[in-house]
Amino acid sequence: MIIKSNPTKDLPVSDPLQDALQKTLPLFAQKLKINHYSPTQFAIPDAAWLFKYVFMDQKMRRELLPSNAAMEAGKIVGEVLQRIYADTIYKLHPTLKKVQPFTNEKITKDAALQEEIEKLKEYIPNDEKDSDKKQKYLEEIPEVINNALSGLKELAVASPVTCERQISIDQLEGFSSPLLPTVGRIDFDFGINSHEFGTSLTEPNPTSQADAFPHKIIELKTKWSRLGKVKKDGSRSFLVSSVPATASFNHCCQVATYAANFNFKVPAYLLYATKSGYTIFDSTNCHHLTVDGMKKNLQIMFNTFRRREQILTLYQDFTREEIIEGAASLMDMNLDHPFAWNGMPSELLKEAKSLWKLS
């Protein structure tokens, strides 16, 4: 085992989801059995959120909503990097069923890649196109990992390195906050000790106060080659994804959530890695990652959650089913959205259409 079975005792243990359950939830949340939001929930339209995160529970999502080759490949890249550099990884304790920090026994890149890539080999594709992507991404993963490592080197990894730290932000001072907390898991946060490799960065206009600068938050995103046309010989062509010229707004909102956990006093970085290279966005080249930019984006996300809460509150005196039906009546299903309903099994999509009286 690479992750020791005994959690470290010198780190504070926090399980935001369990903490949320201990507080008094609003009536709609009690009836709907929801207790938190996440940046992922913000990134989809209201109707898709209502169906995936209210109508469906976590068990249904895990069992019925399919993954895809790009998601699985991205997980592998993250897990390989964690096994190489993490001092601590937050994981679900197998018996306590709570998220806790575990000490990571670091291994080499080759060893980590050899073990983790087996997961993608075992992954069962959804269809022929997903199968083509799986084969292509098996080839690309080593290059994406190397470019991600170059990005981390530029960011100057410093111990202790913590991965998947679970955070929760609730009723922040200076913000109009939703009633429920917003939770997330930070890909990497670096400590203040000696740098493991790379050169310590000096930002001309750091995101944080100078005394907090050695501590960094890093969110890693991977991009994969896109499907091209089928060639005459029957093989599939691919279009190699270049590194993005600008940071995704939704990704910046995700980073803002993590920064808020540290009162915006820790520099935040968004690292993109592809087969062709890597790029890093921070407060010096992306206004969304300045303190003011992150605060503004966090409030935008909060406003979305507050709007949804106001809709649910209108029907909270009714049954769970009636709350969902009432909320759906005030939301456009937006069936033509470019990604909100992608990959949903036909029977589930049929049920969603029925909820919006479109079938």
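No experiment lies behind these values; they were computed from the predicted model shown. Side chains included, hydrogens not; waters and symmetry mates left out as well; all remaining heavy atoms used.
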- Query: Can any side-chain N or O of Gln30 pair as donor or acceptor with the backbone N or O of Leu25 at less than 3.5 Å?
  - Reply: yes
- Short side-chain to backbone donor-acceptor contact, Arg165 and Phe188, under 3.5 Å: no
- Message: Around atom CG of Leu358, are there more than 12 heavy atoms from other residues, nucleotides or ligands closer than 6.0 Å?
- Response: yes
- Nearest heavy-atom pair of Met301 and Cys253: which atoms, and what distance? CE-O, 4.5 Å
- salt_bridge(Glu105, Arg83) N-O dist < 4.0 Å: no
- Query: Can you tell me how far the CD atom of Glu139 sits from the CZ atom of Phe238, to the nearest 0.5 Å?
  - Reply: 8.5 Å
- Message: Quick one, Val99 and Lys91 - any side-chain contact, counting heavy atoms below 4.5 Å?
- Response: no
- Query: How far does CD1 of Ile124 sit from CD of Glu72, to the nearest 0.5 angstrom?
  - Reply: 11.0 Å
- Query: With a 4.5 Å heavy-atom cut-off, do Tyr90 and Ile186 have their side chains touching?
  - Reply: no
- From CG (Leu220) to CG (Leu271), nearest 0.5 Å: 5.0 Å
- Note on the structure: Only one of Glu140, Lys136, Lys275 passes side chain to side chain donor-acceptor pair (under 3.5 Å) with Ser225, and that residue is Glu140
- Message: Measuring from atom CD of Glu128 to atom NZ of Lys133, what distance do you get when rounded to the nearest 0.5 angstrom?
- Response: 12.5 Å
- Indicate yes or no for a side-chain donor-acceptor contact from Ser283 to the backbone of Leu289 under 3.5 Å, with no hydrogens or angles considered. no
- Same apolar cluster: Val144 and Val243, side chain cutoff 4.5 Å: no
- Item | Backbone N/O of Pro125 and side chain of Lys134: donor-acceptor pair under 3.5 Å | no
- Is the backbone of Gly228 close enough, under 3.5 Å, to the side chain of Arg236 for a donor and an acceptor to pair up by distance? yes
- Will you find, in the side chains of Tyr137 and Asp132, an N or O donor that is under 3.5 Å from an N or O acceptor? no
- Task: Spell out, yes or no, whether Phe305 and Leu330 are grouped together once hydrophobic residues are joined by side-chain heavy atoms under 4.5 Å, including indirect joins.
- Result: yes
- Does one hydrophobic cluster hold both Ile44 and Ile300, with members joined at side-chain heavy-atom distances below 4.5 Å? yes
- Task: Please answer: with hydrophobic residues joined when any side-chain heavy atoms are less than 4.5 Å apart, are Phe339 and Trp341 in the same cluster?
- Result: yes
- Given side-chain contact (heavy atoms from CB on, under 4.5 Å), test Leu355 with Glu351 step by step and report yes or no. CA-CA 6 Å; Leu355 180 60; Glu351 195 159 5; over 6 Å; no
- Task: Would you indicate whether the side-chain heavy atoms of Glu219 and Tyr269 approach each other to under 4.5 Å?
- Result: no
- Message: Would a single hydrophobic cluster contain both Met71 and Leu65, if residues Ile, Leu, Val, Met, Phe, Trp and Tyr are joined by side-chain heavy-atom contacts under 4.5 Å?
- Response: no
- Query: Relative to the ring of Tyr272, is the ring of Phe281 parallel (under 30°), tilted (30 to 60°) or perpendicular (over 60°)?
  - Reply: perpendicular
- Would you please test Tyr278 and Asn146 for side-chain hydrogen bond (donor to acceptor under 3.5 Å, both in side chains) and show each step? CA-CA 9 Å; Tyr278 74 92; Asn146 285 336; over 6 Å; no
- Short question: side chain of Asn263, backbone of Lys265 - any donor-acceptor pair under 3.5 Å? no
- Would you please test Lys106 and Gln82 for side-chain hydrogen bond (donor to acceptor under 3.5 Å, both in side chains) and show each step? CA-CA 8 Å; Lys106 302 174 186 178; Gln82 289 177 14; over 6 Å; no
- Message: In the structure I gave you, are the side-chain heavy atoms of Leu270 and Ile280 within less than 4.5 Å of one another anywhere?
- Response: no
- Starting from the C-alpha separation in whole Å, work towards a yes-or-no answer on side-chain contact (heavy atoms from CB on, under 4.5 Å) for Lys221 and Gln254. CA-CA 11 Å; Lys221 299 296 182 184; Gln254 185 176 356; 2.9 Å; yes
- Item | Side-chain (Ser354) to main-chain (Lys350) donor-acceptor, under 3.5 angstrom | no
- Quick one: do Asn250 and Ser248 satisfy side-chain hydrogen bond (donor to acceptor under 3.5 Å, both in side chains)? Show the steps, please. CA-CA 5 Å; Asn250 287 334; Ser248 158; 5.0 Å; no
- Gln58 and Lys33: side-chain donor and acceptor closer than 3.5 Å? no
- Message: Could you check whether any side-chain heavy atom of Leu32 comes within less than 4.5 Å of a side-chain heavy atom of Ile324, counting everything from C-beta outward?
- Response: yes
- Item | Over 12 foreign heavy atoms within 6.0 Å of CD, Glu322 | yes
- Query: Do His215 and Phe190 pass the ring pair (Phe, Tyr, Trp, His ring centres under 6.0 Å) test, and can you show the C-alpha distance, the side-chain angles, and the key distance before you say yes or no?
  - Reply: CA-CA 5 Å; His215 192 153; Phe190 296 169; 8.8 Å; no
- Task: Check whether any side-chain heavy atom of Leu120 sits under 4.5 Å from a side-chain heavy atom of Tyr123, and report yes or no.
- Result: yes
- dist Leu50:CG -> Ile323:CD1 (nearest 0.5 Å) comes out at 10.5 Å
- Query: So does Glu79 pair up with Lys119, basic N to acidic O under 4.0 Å?
  - Reply: yes
- Show the numbers, then the answer: is there a side-chain contact (heavy atoms from CB on, under 4.5 Å) between Val183 and Ile169? CA-CA 6 Å; Val183 306; Ile169 54 176; over 6 Å; no
- Quick one: closest heavy-atom pair of Thr257 and Thr182, and the distance? CG2-CG2, 4.0 Å
- Query: Does a donor on one side chain and an acceptor on the other come within less than 3.5 Å for Thr290 and Asp292?
  - Reply: no
- Determine the minimum heavy-atom distance between Pro45 and His337, stating which atoms define it. CG-CD2, 3.3 Å
- Looking just at side-chain N and O atoms, do His93 and Thr95 make a donor-acceptor pair shorter than 3.5 Å? yes
- Return the minimal non-hydrogen interatomic distance between Ala86 and Asn104, and the atom names on each side. O-ND2, 2.9 Å
- Measure up the Phe51 and Trp356 rings against each other and bin them: parallel (under 30°), tilted (30 to 60°), perpendicular (over 60°). tilted
- Side chains of Asn303 and Gln299: donor-acceptor distance under 3.5 Å anywhere? yes
- Give a yes or no answer on whether the side chain of Ser276 reaches the backbone of Ser241 with a donor-acceptor pair at less than 3.5 Å. yes
- Cation over ring, Lys295 on Phe264, under 6.0 Å and within 45°? yes
- Message: Whether the side chain of Asp187 engages the backbone of Glu164 through a donor-acceptor N/O pair (distance < 3.5 Å, no angle test) should be reported.
- Response: no
- Shortest non-hydrogen contact from Leu64 toward Pro345: O-CG, 3.2 Å
- Message: Can a side-chain donor-acceptor contact be found between Asp282 and Thr284 if the only test is distance below 3.5 angstrom?
- Response: yes
- Query: Can you check whether Val240's main-chain N or O pairs, donor with acceptor, with Trp224's side chain at less than 3.5 Å?
  - Reply: no
- Will you find, in the side chains of Glu309 and Tyr37, an N or O donor that is under 3.5 Å from an N or O acceptor? yes
- Message: Please give me the minimum heavy-atom distance between Val161 and Val157, naming the atom from each residue.
- Response: CG2-CG1, 3.5 Å
- Message: To the closest 0.5 Å, what do you measure between CE (Met331) and CG (Asp46)?
- Response: 4.5 Å
- Message: Is it the case that the side chains of Ser177 and Gln171 hold a donor-acceptor pair, with the cut-off being a distance below 3.5 Å and no angle test?
- Response: no
